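The structure appears below as structure tokens.
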Amino acid sequence: MSQDTTGSPAPAAATSAGHDQAPHVEALENLLHEDRKFAPSQEFAANAVATAADYTEAAADRPAFWARQARELLTWDKDFTDALDWSNPPFAKWFVGGEINAAYNALDRHVENGLGDRVAIYFEGEPGDTRSYTYAQLTEEVKKAANAFEALGVAKGDRVAVYLPMIPEAVITILACARIGAVHSVVFGGFSADALRSRIDDAEAKLVVTADGTYRRGKPSPLKPAVDEALSKEGHTVENVVVVKRNGEAVNWVEGRDLWWDDTVEAASAEHTAVGHDSEHPLFILYTSGTTGKPKGILHTTGGYLTQGAYTHKAVFDLHPETDVYWCTADVGWITGHSYVAYAPLINGATQLMYEGTPDSPHQGRWWELIEKYKVSILYTAPTAIRTFMKWGREIPAKYDLSSIRVLGSVGEPINPEAWMWYREVIGGNGGAKENPAPIVDTWWQTETGAQMIAPLPGVTATKPGSAQVPLPGIAVDVVDDAGASVPNGEGGYLVIREPWPAMLRGIWGDPERFKDTYWSRFEAMYFAGDGAKKDEDGDVWLLGRVDDVMNVSGHRLSTTEIESALVSHPSVAEAAVVGAADETTGQAVVAFVILRGDAVNKGEETVLELRNHVGKEIGPIAKPKQLLIVPELPKTRSGKIVRRLLKDIAEGRESGDASTLADPSTMVQIAESLRK
Ligand code: PRX
């Protein structure tokens with residue numbers, strides 16, 4: 001298997017190593033000349049939730065600022081004594097001694113406060129079926145699920161794997177786990193049986209909650225078979241599988257292990273009293289790709305995570321919960337779906353839309369139709385989606401009334417100025433009809449940070465197309481050079497976080513050393529995010545993409561090493577190297593270079609298909625290389641390291657760069673010739 005050699009990546013987009021990792025290279029270079037600025041309208045600023053005072057307050061005393069948010073936004077069973085304990089870095093404790101129940105905060109207290117009739121979730125299924133849950137109804141469902149899970153022997157601290165589509169039961173399951181103190185581990189439905197099994201094993205999950213399936217582009221798409229396959233081999237810890245009936249397709253059934261949701265949860269009592277858990281009690285594990293082959297179980301705890309989620313959701317989206325309809329399009333299988341679908345909106349008493357399907361089913365105007373129908377006022381989505389809509393054409397959203405939109409959010413990958421402007425005019429400006437288009441908040445954060453870290457405040461910040469701009473109040477972000485020194489304005493470097501923050505990861509499940517090595521060893525006393533960034537002349541931050549072996553495809557994190565491992569596990573593959581190549585729509589696309597074993601027969605397209613499917617089986621369809629090239633050699637240095645930079649040149653259709661450091665400088669010619677055949 002290969003190793004990366006781009007080694008110490010150059011910070012700024014303008015250098016060649018910066019090119020190696022940054023998607024949208026040309027666009028990023030344009031970024032450096034981008035000088036448009038959009039100040040908030042007077043009307044927006046006058047009614048804004050967050051004000052510039054938040055920055056001053058947080059700058060004066062960061063922990064005190066967060067302590068105020070924790071007490072104002074949440075209801076504690078027992079008040080905390082200290083905001084932060086940082087005596088054993090990098091292991092932080094926030095809101096020390098406090099006790100809190102996440103589900104009570106998301107549900108019961110709103111009902112107790114007279115908001116029981118407010119809609120919590122409008123659900124729209126892909127086939128067009130609809131359901132809605134008021135806060136009172138959702139509270140009841142979560143109480144039933146909590147009772148049902150407890151009756152199955154799930155106790156505080158036990159792990160529950162959740163493998164569900166975007167249906168309300170996903171949120172109900174997550175909150176039921178939180179209520180009883182069980183730790184959920186949601187696995188995205190696009191991951192394969194093998195990926196699901198390795199996550200079940202790593203967390204030693206006792207219960208799996210899944211569905212028969214979902215709908216994708218008008219057709220039923222199964223989920224339960226992957227669970228059956230994952231559990232087909234002995235040696236796992238799972239005692240029960242609870243199955244939601246969603247698409248009604250026939251499923252295999254294991255008596256004694258499998259239970260229908262309708263028979264267990266729906267039949268359970270709706271009486272359940274929530275008790276407070278310690279502020280640092282584990283809330284969930286979420287696996288994400290790192291630079292090594294094995295996904296990391298990112299661990300989040302309760303009090304700090306909820307506080308920063310709730311504050312950012314309110315401040316960055318300018319949430320007015322009594323009137324807004326909020327829609328975050330992320331799947332619950334990703335961190336965005338955890339923080340900004342399952343937790344923060346409900347903690348804040350918001351009304352949100354949840355949509356099960358794809359944006360082009362049954363037609364390419366589905367999202368805009370939903371926005372018109374539900375009068376969505378806050379939309380939070382990813383640049384890949386925006387670029388896809390741009391490709392489909394502005395005449396599609398133009399058919400719908402988007403005048404309800406007040407705030408637009410972007411997350412998951414750098415947004416190029418062109419997509420930003422399109423988002424502003426076509427969606428936020430209702431096709432040009434609005435005098436003051438909705439402000440765009442480009443939010444930078446990660447699975448590890450738990451909540452948004454860098455983003456404009458919509459009533460305060462004059463926004464710049466393509467930049468996440470300013471650290472949020474109470475967040476200490478910096479851009480540093482190789483030696484860890486802060487770079488001056490106008491220069492690039494590595495993005496770091498200098499002070500602990502409430503929603504920070506508390507570790508990697510079962511591997512404290514890896515937590516220290518991965519995030520805290522590159523620079524002394526700073527969290528290394530893995531992203532390149534630049535400060536502009538005003539000191540605003542522009543994100544330039546990953547500087548490590550992590551790819552970002554449609555806002556989904558994938559590891560080059562993990563895909564390489566999957567490829568070399570195929571009997572025909574001798575060696576593999578994977579790069580993320582710039583892609584107009586998805587930001588980056590997976591391109592794999594493969595050397596076949598001497599005894600393997602190259603059957604051309606058939607072999608390519610087989611290897612792509614093999615990756616799909618090992619990791620999931622999202623990881624399948626877009627392009628897979630069978631080559632006779634890989635470019636290697638004398639010490640045997642693969643030079644990805646040169647492979648990236650091929651993948652992006654460029655003349656390949658300097659090959660003089662290769663052990664065999666003719667390798668690139670050999671590769672080029674083999675690809676011409
Ligand atoms: O490279 C950054 C990119 O996504 C990475 C985190 O991925 P993940 O943990 O899957 O979380 C995605 C959703 C929060 C980051 O290291 N990223 C995320 N948001 C942005 C971004 N890059 C540029 N601009 C953003 N707004």
Side-chain angles (χ1 to χ4, degrees), residues 13 18 21-38 312 316-317 327-330 334-336 340 359 367 378-392 394 397 405 407-429 437-446 449 452-458 461-472 477 479 492 495 529 531-536 538 540-546 550-557 580 582-589:
Q21 302 297 342
H24 298 291
V25 175
E26 291 81 33
L28 284 174
E29 280 183 348
N30 292 340
L31 281 185
L32 311 179
H33 308 290
E34 175 62 58
D35 54 8
R36 283 172 287 195
K37 229 175 170 175
F38 299 95
T312 53
V316 174
F317 297 128
W327 182 21
C328 167
T329 66
W334 306 106
I335 190 67
T336 309
Y340 296 100
W367 277 23
I378 304 169
L379 175 67
Y380 193 26
T381 194
T384 289
I386 300 163
R387 289 190 292 263
T388 303
F389 296 131
M390 283 172 79
K391 237 177 17 195
W392 291 348
R394 61 195 293 153
I405 290 190
V407 179
L408 293 173
S410 175
V411 62
E413 31 171 348
I415 179 165
N416 45 314
E418 199 196 351
W420 197 100
M421 288 305 298
W422 190 93
Y423 198 26
R424 175 179 164 88
E425 285 165 20
V426 180
I427 309 304
I440 296 178
V441 285
D442 175 13
T443 63
W444 178 90
W445 58 294
Q446 308 178 296
T449 69
Q452 297 163 350
M453 302 291 281
I454 311 178
L457 288 180
T461 318
T463 54
K464 300 177 180 177
S467 173
Q469 291 180 285
V470 258
L472 285 165
V477 162
V479 181
L495 189 76
D531 282 45
K534 186 188 158 77
K535 289 182 193 166
D536 68 13
D538 302 325
D540 284 337
V541 178
W542 298 70
L543 276 310
L544 301 177
R546 299 289 303 196
V550 173
M551 293 174 288
N552 193 327
V553 179
S554 302
H556 299 155
R557 244 164 100 164
D583 184 281
E584 234 182 40
T585 308
T586 58
Q588 286 186 301

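Numbers for residues simply follow the sequence, beginning at 1. Bear in mind the structure is a predicted one, so any value in this text is a computation, not a measurement. No hydrogens, no waters, no symmetry mates; every other heavy atom, side chains included, goes into these values.
- No salt bridge links Glu413 with Arg546; every basic N to acidic carboxylate O contact stays at or beyond 4.0 Å.
- Between the CH2 atom in Trp422 and the CD1 atom in Ile386 there is a gap of 8.0 Å [rounded to 0.5 Å].
- Residues satisfying the salt bridge (Lys or Arg N to Asp or Glu O under 4.0 Å) test with Arg394, not counting sequence neighbours, are none.
- The side-chain contact (heavy atoms from CB on, under 4.5 Å) test applied to Pro458 returns Phe44, Asp318, Pro439, Val441, not counting sequence neighbours.
- Residues passing the side-chain hydrogen bond (donor to acceptor under 3.5 Å, both in side chains) test with Trp444, sequence neighbours excluded: Asp531.
- Qualifying side-chain hydrogen bond (donor to acceptor under 3.5 Å, both in side chains) partners for Ser554, counting only residues two or more places apart in sequence or in other chains: none.
- Here Gln452 contributes atom CD and Asp442 contributes atom CG; the two are 10.0 Å apart, rounded to the nearest 0.5 Å.
- Leu495 places a side-chain heavy atom less than 4.5 Å from the side chain of Ile454.
- Taking a 6.0 Å sphere around CD of Gln446, one finds it holds more than 12 heavy atoms contributed by other residues, nucleotides or ligands.
- Between Trp392 and Phe389, the distance from one ring center to the other falls under 6.0 angstrom.
- Shown here are the side-chain hydrogen bond (donor to acceptor under 3.5 Å, both in side chains) partners of Thr381, two or more places apart in sequence or in another chain: Thr329.
- Two residues are said to be in side-chain contact when any heavy atoms from C-beta on lie closer than 4.5 Å; Leu544 and Lys534 meet this criterion.
- Ion pairing between a basic and an acidic side chain is recognised when a charged N comes within 4.0 Å of a carboxylate O; Lys464 and Asp538 show such pairing.
- A ring-centre distance under 6.0 Å is not found for Tyr340 and Trp327.
- Scored by the side-chain hydrogen bond (donor to acceptor under 3.5 Å, both in side chains) test, Trp367 finds no partners at all (sequence neighbours excluded).
- Considering CG of Asp583 and CD of Gln588, their distance stands at 9.0 Å, rounded to 0.5 Å.
- Heavy-atom minimum distance, Gly545 versus Pro414: N-CG, 4.1 Å.
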(request) Walk me through it: do Tyr380 and Val407 pass the test side chain to side chain contact (heavy atoms under 4.5 Å, CB included)? (result) CA-CA 8 Å; Tyr380 193 26; Val407 179; over 6 Å; no
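- For Thr463 and Lys37, the side-chain atoms include no donor-acceptor pair closer than 3.5 Å.
- Residue Arg36 holds its CZ atom at 10.0 Å from CZ of Arg424, rounded to the nearest 0.5 Å.
- Every residue meeting the side-chain contact (heavy atoms from CB on, under 4.5 Å) condition with Ala455, not counting sequence neighbours, appears here in chain and number order: Val316, Thr443, Leu472.
- For the residue pair Gly555 and Thr384, the shortest heavy atom distance occurs at N-OG1, 4.1 Å.
- When every heavy atom of Asn552 is checked against every heavy atom of Gly412, the shortest pair comes out as ND2-O, 2.6 Å.
- Atoms OG and CH2, on Ser467 and Trp420 in that order, are 9.5 Å from each other to the nearest 0.5 Å.
- Scored by the side-chain contact (heavy atoms from CB on, under 4.5 Å) test, Val470 finds Tyr55, Thr461, Asp540 as partners (sequence neighbours excluded).
- Under the salt bridge (Lys or Arg N to Asp or Glu O under 4.0 Å) criterion, Arg557 pairs with Glu448, not counting sequence neighbours.
- You'll find the side chain of Arg387 reaches within 4.5 Å of the side chain of Asn416, heavy atoms only.
- From Met421, atom CE reaches atom CD1 of Ile415 across 11.0 Å, with rounding to the nearest 0.5 Å.
- Inter-residue side-chain proximity for Thr388 and Pro359 is flagged as unmet; no heavy-atom pair is nearer than 4.5 Å.
- Counting heavy atoms from C-beta outward, Pro437 and Phe38 have side chains that stay 4.5 Å or more apart.
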